[in-house]
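First listed ligand is number 1; within each ligand, the first listed atom is number 1.
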Amino acid sequence: MRLVLLGPPGAGKGTQAVRLADRFGIPQISTGDILREHVQENTMLGIRARTFMDRGEYVPDQLVVEMVTERLGEPDAEKGFILDGFPRTVRQAESLEGALTAAARPLSAVLMFAIDDEMAIRRLSGRWTCPVCKRTYNMEFKPPVQEGICDFDGSELERRADDDELTVRRRIEVYREQTAPLERFYRERGLLREVDAQAPEDEVTERTIALLDELEDA
Ligand SMILES: [Zn+2]
């Protein structure tokens, strides 16, 4: 099962990624983590990446794709993988496609967690996080038992600075602009599968697993 996950902020993509990784016994791969590891361990790729980072520039797509490809070649990814947060652009998608084709391991599907903007805004702008255990709550959808207090450890919940409504709207806009071409790219290849992410988390997970099981049997 080789998957790419797409979805706007607020669609619950991160949660679903963790659950799918668990269900299918495949790693969830984050480019941010891979990049940090390479830089910390001073690998060849890490050293090259650092020259861009030190100048305050983005690490070029090609270099990121090289890191991802290398990571996908590790034993734990033999059965498959979940890419979350990558690719972000059509250029990255093209590079990834080239690398996967060369390795004879094409993507199985691209899951698009769909949610309308107003719902995403309601979810995100009501979000509170525990600074200690990092559990998240939502005043509307998943409130703590006692207002403003973590159920688990009693810490005072905090609100992220970028969760106010205007910032949330902007983040969603940026996502839409960036991802629309990517959606088109994968739709054209017959890989895009849309999942309705407006339902409660557990229901979304069930539907996604059903969809993937079907795909595996086909
Ligand atoms: Zn807590």
Can you list the protein N, O or S atoms less than 2.8 Å from the Zn ion (ligand 1)?
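Result, waters dropped: C130 SG, C133 SG, C150 SG, D153 OD1, D153 OD2.
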For [X], enumerate each residue passing the salt bridge (Lys or Arg N to Asp or Glu O under 4.0 Å) test, keeping only those at least two apart in sequence or located in another chain.
X: D202; answer: R19
X: R48; answer: E66
X: D116; answer: none

Does the pair R169/E165 count as a salt bridge with the N-to-O cut at 4.0 Å?
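Counted as a salt bridge, because a side-chain N and a carboxylate O are separated by less than 4.0 Å.
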Just verifying a value: how many Å separate E206 CD and L211 CG, rounded to the nearest 0.5 Å?
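With rounding to 0.5 Å, CD (E206) is 13.5 Å from CG (L211).
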Verify whether one side chain among T208 and Q16 offers a donor that lies under 3.5 Å from an acceptor in the other.
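On atom types as modelled, these side chains do not qualify, holding no pair under 3.5 Å.
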